[in-house]
Amino acid sequence: MTKPKRIRKAVFPVAGLGTRFLPATKAVPKEMLTVVDRPVIQHVVNEAREAGIEHFVFVTGRGKACIEDHFDHQFELEATLAGKKKTRELEDLLAELPEAGRTSFTRQQSPRGLGHAVWCARDIVGDEPFALLLPDMLHHGTTSCLAEMIEAYEQTGGGNLIAVSPVPDDQTHQYGIVGVEDAKAKVSRVTSMVEKPPKGTAPSNLHITGRYVLEPEIFPLLAKQEAGAGGEIQLTDAMITLSRDANHPFHAVRFDGTIYDCGSKVGFLLANLAYGLERDDLGPQLRAALKDLI
Ligand code: G1P
């Protein structure tokens, strides 16, 4: 088996309007809402960095400039922390900053769906396989979900990968769903995919969790892709087309950790509690306060 091309770049579609979080998201992008003390997008970028990603590609939109600022130096703040000898705080801040030249920002100029957002990154990604991480979905486990996928990518000898996890049958219509050869295996060949199947028609209960490794051949398909579910250009539809070519197999990688859908209010609140409870500096106090509250 030849060694597959390394996954160096990750795409983060961050153009969504966040209407479900109004009025919080009127002037603040939903990706900048905090889970404990980091914006949601920082958690997801950290997951990608843990997986060895070198270049971070953000597909943004109008009103999202503070995401770009977040991943840059903040000179006054850094100088103030240094002046006050707050070395630890300064080091922590700098540790999460991507290296100079390792971020790219492009804009999705109109909200035409996830497939269109990914297509907007085509020139920056170029002709190499890449990772795609949907920032709403926080994957919380002992290891980075994307790192597990990249390990699987090396085992399968390349191709395309989708992270999946089971959802209750009455929720399958809210997600992309995949059918697989062996539902119990950690990595299994994908046999079917469908975006938001009507209730009762899903091929399985394994939902697409928002982590992908994709070959660049997806881009020309996205360019031709017609609007699908919800009138949007769907990534899943282009993946279905690509999977019909035997040279571009798809595997599902089952994620066994917990996924918090921060696009929903309950998911977002739960993520704050779960991430807070596991922190040494906050967990004990938070646990006691929650017991009192409930
Ligand atoms: C997108 C994908 C879907 C996936 C979901 C995960 O849907 O199209 O396949 O299951 O993200 O969050 P959206 O949430 O953008 O409707």
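Order of appearance sets the numbers: ligands from 1, and atoms from 1 within every ligand. Basis for what follows: all heavy atoms, side chains included, without hydrogens, waters or symmetry-related copies.
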*Which ligand 1 atoms, with their elements, are less than 4.0 angstrom from a heavy-atom of Leu134?*
1 (C), 11 (O)
*Is a side-chain donor-acceptor pair under 3.5 Å present for His55 with Thr103?*
no
*Kindly indicate whether atom 14 (O) of ligand 1 is approached by any protein heavy atom to under 4.0 angstrom.*
no
_N/O separation below 3.5 Å, Lys196 to ligand 1_ = yes
_Check ion pair Asp37-Arg279 (N to O, under 4.0 angstrom)_ = yes
*Gly176 to ligand 1: N or O pair under 3.5 Å?*
yes
*Give a yes or no on whether atom 9 (O) of ligand 1 lies under 4.0 Å from any heavy atom of the protein.*
yes
*Taking atom types as modelled and ignoring hydrogens, do the side chains of His116 and Glu232 form a donor-acceptor contact shorter than 3.5 angstrom?*
no
*State whether the shortest distance between N or O atoms of Gly210 and N or O atoms of ligand 1 falls below 3.5 angstrom.*
no
*Give the numbers and elements of all ligand 1 atoms closer than 4.0 Å to a heavy atom of Thr236.*
9 (O)
*Any N or O on His207 sitting closer than 3.5 Å to an N or O of ligand 1?*
no
*His139 versus Thr209, side-chain donor and acceptor atoms under 3.5 Å*: yes
*Between Glu96 and Gln42, does any side-chain donor sit less than 3.5 Å from a side-chain acceptor?*
yes
